[in-house]
Protein chains: 2
Amino acid sequence: MEGISKESLQRLPTYLRYLNELHLNGIESVSSTTIADRFKLNPVTVRKDLAFISEDGGKPKTGFSVADLVAEISEFLGYNNTQDAVLVGVGKLGSALLGYKGFSNYGLNIVASFDCKTDIQIDSTKREINNISMLPDLVKRLGVNIGIITVPAESAQAVCDLMINSGIKAIWNFSPTHLITPDNIAIKNEDMAASLAVLSQRLTAILKNE
Amino acid sequence: MEGISKESLQRLPTYLRYLNELHLNGIESVSSTTIADRFKLNPVTVRKDLAFISEDGGKPKTGFSVADLVAEISEFLGYNNTQDAVLVGVGKLGSALLGYKGFSNYGLNIVASFDCKTDIQIDSTKREINNISMLPDLVKRLGVNIGIITVPAESAQAVCDLMINSGIKAIWNFSPTHLITPDNIAIKNEDMAASLAVLSQRLTAILKNE
DNA sequence: ATAATATCGATAACAAAGTATCGATATGTC
DNA sequence: GACATATCGATACTTTGTTATCGATATTAT
């Protein structure tokens, strides 16, 4: 069987949130049509997505078992075995990510944070901030695979290189740069400018039509 | 001519950043191959992207004029005529976005911020935070088109509805929910869970190969 | 001048993702 | 029990995006 498509993969967490809601409300089954309506998708798209991760599939007339889907998507996305991560750059955005409780639901656990200035105070969570020089040792010692970069653009590539040299295998980059990485490293550039470009183009189209 | 593809559109800001660098370094022309190498793309992809926005196109042997491309991409992305936006939810993430200087480069100007608790203090920037009840009037008065949502998931849909009723036409949603919006509203859900799903799937693939 | 080469744009082939169609099958109604 | 219906999965088709190919053209070197 082929791997799941990138697009499908990105829809799964969305489905899961919705299915969890249904589950909480005691709803036991759901059809692809219902899910599709919720997210303005084509029912066939939803069925194909679910076909990848669902063991038993859906039943005619009734649809899919909500409980089964919740279990299967969670498992598929790896939400059951948590991955450790380190974060570098405890500015505003970094603090925001550190303070975000939701990551635990997504199987992500930020075990340590780093900065070059170590005198920063995180008000609420009061986690310790380590000096960046401590990163390689800690990453090696704990076998951390994921690095989150929330430093300014100027220092992002240097941090990235340091992470890779320390054994990090996946990098989630929130700085406004496209990092250069070897092929055996997973990288996700979270590009605000790209998102904004899509949004404002749609806005322009809408304004033109009115 | 057809509109630009979503994928191309998202690559343009990346190109622009790179081209600005080249420009600063006094480099006057660049080939599609060079750009492609920088971002691990196919040169043909780059040429097609640039064909959409470039008036004169590139010259054989030398490539494209850096200065021309910078001007044309900036113009195409609307970076020259700034759009006003309002932000609702001045928690950590909201403050981070409010404090981010880079948006001005992307033609985005956050003119006001709102929260239900109005006693929050933003340390550095010291902008005023308005009560959410002031939003409709301000949006109508200034004719603001863009709304940024950085509230918790529970209140996101309510904020969204309020924005739309006030005349907002484009919504940039950072809360972990997929908002329901009518078709004449531009919406961009910034879904961390989806990004993370892509990253960790690639990580898994890499770990498997080693 | 001539030749070699890097690059372009255009066209065509290919790949990936989304959508439509259709027969099969549970469920509920008459 | 027969019939209508919502839904499924499979297959085929369409659209969108990427990659390969190729002739044309500036630039540089001989």
Side-chain angles (χ1 to χ4, degrees), chain A residues 1-15 18-19 22 27-69 72-73 183 194 197-198 201-202 205, chain B residues 1-15 18-19 22 27-69 72-73 183 194 197-198 201-202 205:
Chain A
M1 181 165 86
E2 292 288 314
I4 193 169
S5 86
K6 193 187 163 192
E7 305 299 316
S8 297
L9 182 59
Q10 294 189 80
R11 283 188 292 264
L12 289 180
T14 314
Y15 297 161
Y18 177 58
L19 291 163
L22 296 181
I27 296 164
E28 293 183 352
S29 60
V30 65
S31 73
S32 61
T33 322
T34 309
I35 300 178
D37 285 350
R38 170 63 181 81
F39 300 114
K40 290 188 186 164
L41 296 170
N42 186 299
V44 181
T45 304
V46 176
R47 279 208 292 282
K48 282 199 171 177
D49 290 346
L50 296 183
F52 261 102
I53 54 96
S54 165
E55 179 77 12
D56 302 341
K59 276 200 296 186
K61 188 82 178 187
T62 46
F64 295 81
S65 152
V66 172
D68 285 3
L69 286 184
E72 288 168 328
I73 297 180
D183 287 341
V198 174
Q201 198 214 218
R202 286 198 212 135
Chain B
M1 182 164 88
E2 291 288 313
I4 193 168
S5 88
K6 195 186 162 193
E7 303 299 316
S8 296
L9 181 59
Q10 294 188 80
R11 284 188 291 264
L12 289 180
T14 313
Y15 297 160
Y18 177 57
L19 292 162
L22 296 181
I27 296 165
E28 292 184 351
S29 60
V30 64
S31 73
S32 60
T33 322
T34 309
I35 300 178
D37 285 350
R38 170 64 181 79
F39 300 114
K40 291 188 185 162
L41 296 170
N42 185 298
V44 180
T45 304
V46 176
R47 279 208 292 281
K48 283 202 169 176
D49 290 345
L50 297 183
F52 262 102
I53 53 95
S54 164
E55 179 76 12
D56 302 341
K59 275 200 295 185
K61 189 82 178 188
T62 45
F64 295 80
S65 152
V66 172
D68 285 3
L69 286 184
E72 288 168 328
I73 298 179
D183 287 340
V198 174
Q201 199 217 216
R202 286 198 212 136

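Residue numbering restarts at 1 for every chain, and letters A, B, ... go by the order of the sequence lines. Predicted model only: the values in this text are computed from it and were never measured.
- The nearest pair of heavy atoms linking B:I73 to B:L12 is CG2-O, 3.9 Å.
- One interatomic measurement links the two molecules: CG of A:D49 to C1' of D:dC8, which rounds to 15 Å at whole-angstrom precision.
- In this entry the distance linking NZ of A:K40 with P of C:dT19 reads 14 Å, nearest Å.
- Regarding B:Q10, its CD atom lies at a distance of 10 Å from the P atom of D:dG17, rounded to whole Å.
- Taking 4.0 angstrom as the limit, A:R47 places none of its side-chain polar atoms (N or O) nearer than this to OP1 or OP2 of C:dT21.
- At the phosphate of C:dT7, OP1 or OP2 sits under 4.0 Å from a side-chain N or O atom of B:S31.
- Here the OG atom belonging to B:S54 is positioned 12.0 Å from the CG atom belonging to B:D49, to the nearest 0.5 angstrom.
- At a threshold of 4.0 angstrom between heavy atoms, the contacts of B:S8 with the nucleic acid are absent.
- Between A:E7 atom CD and A:K48 atom NZ the span is 13.5 Å, to the nearest 0.5 Å.
- At least one side-chain nitrogen or oxygen of B:S32 sits closer than 4.0 Å to the OP1 or OP2 atom of C:dC8.
- The nucleotide whose nearest atom lies closest to any side-chain atom of B:V44 is, among D:dT21, D:dC8, C:dT19, D:dT21.
- Taking atom CD of residue B:E7 and atom P of nucleotide C:dA15, one finds them 18 Å apart after rounding to whole Å.
- For the pair B:I4 CD1 and D:dG17 P, the interatomic distance rounds to 10 Å; values are reported in whole Å.
- Between the NZ atom of A:K6 and the P atom of C:dA16 there is a distance of 14 Å, rounded to whole Å.
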Nucleotide N/O of nucleotides 23-30 of chain D paired with protein N/O under 3.5 Å:
| residue | atom | partner | partner atom | Å |
| --- | --- | --- | --- | --- |
| D:dT27 | OP1 | B:K59 | NZ | 3.2 |

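- Using cut-offs of 30° and 60° for the angle between ring planes, the A:Y18 and A:F39 rings count as perpendicular.
- Rounded to an integer number of Å, the gap from A:N42 CG to C:dT21 P is 11 Å.
- The CG atom of B:L50 sits 5.0 Å away from atom CD1 of B:I35, with the distance rounded to the nearest 0.5 Å.
- A straight line from CG of A:D37 to P of D:dA6 spans 13 Å, rounded to a whole angstrom.
- Comparing A:D56 and A:K48 against DNA chain D, the residue whose closest nucleotide sits nearer the 5' end is A:D56.
- In terms of heavy atoms, A:A197 sits closest to B:P13 at CB-CG, 4.0 Å.
- By the 4.5 Å heavy-atom criterion applied to side chains, B:L69 and B:I53 are counted as neighbours.
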